[in-house]
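From a predicted model like this one, the values you see are computed outputs, not experimental measurements.
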Amino acid sequence: LQWASPLEAIEHFKSQEIWFAPPQFYELCRLCNFSSLRELHKFSSDRALEGCERWLPVTLTASDGSMQLLPGDELYPEDPDYTGEKKIIMSTDKKVEDLMKEGSVFHRIVIKNINSFAVYVNIEAKYKHMNPLMINSDGSDYNSRL
């Protein structure tokens, strides 16, 4: 067991020493906004009564990877399948890079493979929350506009 800062944990992920699922990678990127536990505590105390939003990541499978779309992303479905009863499958023959070049409103985690994630967010966070830092585990940059 080893203690690590969020950025150190991401570095361990990049070097494949440890693995995180996409939601944990996203949250570590969000924690990178804070330089200390005291700063995080102040932020969480200040926004505690603001509310929260229920999220359901929706997977879009591309020809060379996938994306976990989150609320606010331009590709996020209007009526996501919260129960799994509709069995909706989102897929495209396009490449991840093409989807990124074509898009402009992002709230997504791009998954090239099990060890390569990238967070892209350019929407305003709701409820005075903090967006994650946009970190790519493989150093790729699909959209220089971000």
Derivation of the side-chain contact (heavy atoms from CB on, under 4.5 Å) call for V119 and R108: CA-CA 6 Å; V119 175; R108 58 183 69 164; over 6 Å; no
Within-4.5 Å side-chain heavy-atom neighbours: V121 and P132: yes
Ring center gap for W19 and H12 short of 6.0 angstrom: no
Side-chain heavy-atom pair T92, T61 within 4.5 angstrom cut-off: no
Partners meeting side chain to side chain donor-acceptor pair (under 3.5 Å) with S5 (sequence neighbours left out): E8
Heavy-atom side-chain proximity of E53 to W55 below 4.5 angstrom: yes
For E50, all residues meeting salt bridge (Lys or Arg N to Asp or Glu O under 4.0 Å), sequence neighbours excluded: K128
Pairs where residues 75-84 contributes a residue and the test salt bridge (Lys or Arg N to Asp or Glu O under 4.0 Å) is met, not counting sequence neighbours: D79-K86
Sub-4.5 Å side-chain heavy-atom contact between I109 and P57: no
Pairs touching residues 24-35 that satisfy salt bridge (Lys or Arg N to Asp or Glu O under 4.0 Å), sequence neighbours left out: E27-R30
Partner set under ring-ring contact (aromatic ring centres under 6.0 Å, His included) for H129, not counting sequence neighbours: F43
Student check: side-chain heavy atoms of K94 and S63 closer than 4.5 Å: no
Aromatic centroids of F20 and F117 separated by under 6.0 Å: no
Of all pairs that satisfy ring-ring contact (aromatic ring centres under 6.0 Å, His included), the ones with a partner from residues 56-96, not counting sequence neighbours: none
